[in-house]
Undergrad: 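Just passing along the structure, written as structure tokens.
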Amino acid sequence: MEGAQMLQIHQNGVIILLDDFTKKRITKILDNYFEQKVPEHLKNEIKMYYKFRGNTVTLFLERPGYMEERYEYPIAQLRLEDTLWKVYWQDSRKKWHFVEDIQPDEQFEKQLKEVDGNNIFWSFL
């Protein structure tokens, strides 16, 4: 639904919008981040990307595996909840958990920096 706004209504009645402008801004931020994150000599092997779903942005890393297969690893999930971005990590059963050490914040960029500097998200590299 291109051009449509996505809504999430919380129990307290606050409506959260992740509109097209916000998605484009986050896309630009993440494209620049991924371009800098992956070293030049690994760009043919390691791919980083993201997916939007509702008010959620999930970051992924894809790398070569056994027998020329590629493996996808979820890195982190950032969710816009009650006007604040919250950071989540995924366990081995594919369940997402809130990272209590990272305080929710209104700025997406700040939360991305928290993810970048936290080894919990990059231990498999």
Side-chain angles (χ1 to χ4, degrees):
M1 294 179 57
E2 192 167 311
Q5 292 183 338
M6 290 179 261
L7 300 176
Q8 179 183 17
I9 301 175
H10 291 275
Q11 290 177 340
N12 61 6
V14 174
I15 298 175
I16 305 297
L17 297 173
L18 193 57
D19 58 25
D20 288 341
F21 175 79
T22 302
K23 286 176 64 176
K24 286 178 185 175
R25 186 177 67 80
I26 290 170
T27 295
K28 186 174 182 176
I29 290 166
L30 289 173
D31 287 347
N32 289 333
Y33 171 71
F34 290 159
E35 181 66 28
Q36 295 174 16
K37 183 71 174 171
V38 179
E40 195 64 40
H41 67 283
L42 295 177
K43 288 190 179 187
N44 289 335
E45 293 182 34
I46 294 177
K47 307 289 183 206
M48 293 183 74
Y49 58 95
Y50 49 90
K51 294 179 184 175
F52 289 100
R53 183 171 181 235
N55 66 330
T56 300
V57 182
T58 307
L59 312 181
F60 295 92
L61 182 137
E62 183 184 278
R63 63 188 300 176
Y66 182 69
M67 303 273 302
E68 297 186 27
E69 287 189 38
R70 297 199 55 86
Y71 292 99
E72 176 184 270
Y73 299 94
I75 299 169
Q77 193 172 80
L78 294 93
R79 296 181 191 171
L80 184 61
E81 299 177 358
D82 297 324
T83 71
L84 298 174
W85 287 100
K86 296 181 179 180
V87 179
Y88 291 78
W89 66 277
Q90 190 180 68
D91 68 20
S92 61
R93 291 174 285 194
K94 302 192 183 293
K95 183 175 177 177
W96 291 98
H97 303 275
F98 174 64
V99 180
E100 294 181 17
D101 291 344
I102 300 175
Q103 294 297 313
D105 197 278
E106 292 179 348
Q107 296 181 17
F108 180 85
E109 297 92 329
K110 183 176 178 187
Q111 299 303 70
L112 183 60
K113 285 181 183 179
E114 291 285 346
V115 169
D116 186 55
N118 193 319
N119 288 335
I120 188 174
F121 302 107
W122 306 104
S123 61
F124 57 86
L125 289 177

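Note that this is a predicted model, so its numbers are computed, not measured. Counting begins at 1 with the first residue of the sequence.
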Undergrad: Going only through I, L, V, M, F, W and Y residues with side-chain contacts under 4.5 Å, is there a path from Y88 to L112?
TA: no
Undergrad: Applying salt bridge (Lys or Arg N to Asp or Glu O under 4.0 Å), run through E100 and K86 and close with a yes or a no.
TA: CA-CA 9 Å; E100 294 181 17; K86 296 181 179 180; over 6 Å; no
Undergrad: Test side chain to side chain donor-acceptor pair (under 3.5 Å) on T58 and Q77; report intermediate values, then the result.
TA: CA-CA 4 Å; T58 307; Q77 193 172 80; 3.0 Å; yes
Undergrad: Inspect the contact between E35 and K43 and indicate whether a charged nitrogen and a carboxylate oxygen are less than 4.0 angstrom apart.
TA: yes
Undergrad: Of all heavy-atom pairs between M48 and V38, which one has the smallest distance, and what is that distance?
TA: SD-CG2, 3.6 Å
Undergrad: If the condition is ring-ring contact (aromatic ring centres under 6.0 Å, His included), which residues does Y71 pass it with, not counting sequence neighbours?
TA: none
Undergrad: So, taking the atom named NZ in K24 and the one named CG in D31, what distance separates them when rounded to the nearest 0.5 Å?
TA: 13.5 Å
Undergrad: Would you indicate whether the side-chain heavy atoms of F98 and V87 approach each other to under 4.5 Å?
TA: no
Undergrad: Are W85 and I120 in one and the same hydrophobic cluster, where Ile, Leu, Val, Met, Phe, Trp and Tyr link if side-chain heavy atoms are under 4.5 Å apart?
TA: yes
Undergrad: Are the side chain of Q111 and the backbone N or O of Q103 linked by a donor-acceptor pair below 3.5 Å?
TA: yes
Undergrad: Quick check: closest heavy atoms across T83 and L80, and the distance to 0.1 Å?
TA: C-CD1, 3.7 Å
Undergrad: Quick check on the hydrophobic clustering: are W96 and F52 connected, directly or via other members, by side-chain heavy-atom contacts under 4.5 Å?
TA: no
Undergrad: Please check this pair: side chain of T27 against backbone of K23, looking for a donor-acceptor N/O pair closer than 3.5 Å.
TA: yes
Undergrad: Taking the side chain as everything from C-beta on, heavy atoms only, tell me whether I26 gets closer than 4.5 Å to L78.
TA: no
Undergrad: With sequence neighbours excluded, tell me which residues meet salt bridge (Lys or Arg N to Asp or Glu O under 4.0 Å) with E45.
TA: none
Undergrad: According to a hydrophobic-cluster definition based on side-chain heavy atoms being under 4.5 Å apart (Ile, Leu, Val, Met, Phe, Trp, Tyr only), do W122 and L42 belong together?
TA: yes
Undergrad: Please list, chain by chain and in numerical order, all residues satisfying side chain to side chain contact (heavy atoms under 4.5 Å, CB included) with N32, sequence neighbours excluded.
TA: K28
Undergrad: Indicate yes or no: at least one non-hydrogen side-chain atom of Y73 is less than 4.5 angstrom from one of L61.
TA: yes
Undergrad: Could you pull out the closest heavy-atom pair between I75 and F121, with the gap in Å?
TA: O-CD2, 3.0 Å
Undergrad: Say whether, by atom type as modelled, one donor and one acceptor occur between the side chain of N55 and the main chain of R79 under 3.5 angstrom.
TA: no
Undergrad: Sequence neighbours excluded, which residues qualify as ring-ring contact (aromatic ring centres under 6.0 Å, His included) partners of H97?
TA: W89
Undergrad: Tell me, do F34 and L59 make a side-chain contact under 4.5 Å, heavy atoms counted?
TA: yes
Undergrad: How many angstroms lie between atom NZ of K113 and atom CD of Q107, to the nearest 0.5 angstrom?
TA: 8.5 Å
Undergrad: Any heavy-atom pair between the side chains of L84 and D105 that's under 4.5 Å?
TA: no
Undergrad: Can you tell me if E62 uses its side chain to pair, donor with acceptor, with the backbone of K47 under 3.5 Å?
TA: no
Undergrad: For P104, does its backbone N or O pair with a side-chain atom of K110 as donor and acceptor, under 3.5 Å?
TA: no
Undergrad: Not counting sequence neighbours, which residues clear ring-ring contact (aromatic ring centres under 6.0 Å, His included) with Y33? List them please.
TA: none
Undergrad: Does the side chain of V57 reach to within under 4.5 Å of the side chain of L30, using non-hydrogen atoms?
TA: yes
Undergrad: Could you work out the complete set of other residues in the hydrophobic cluster of F21, with links drawn between I, L, V, M, F, W and Y side chains under 4.5 Å apart?
TA: none
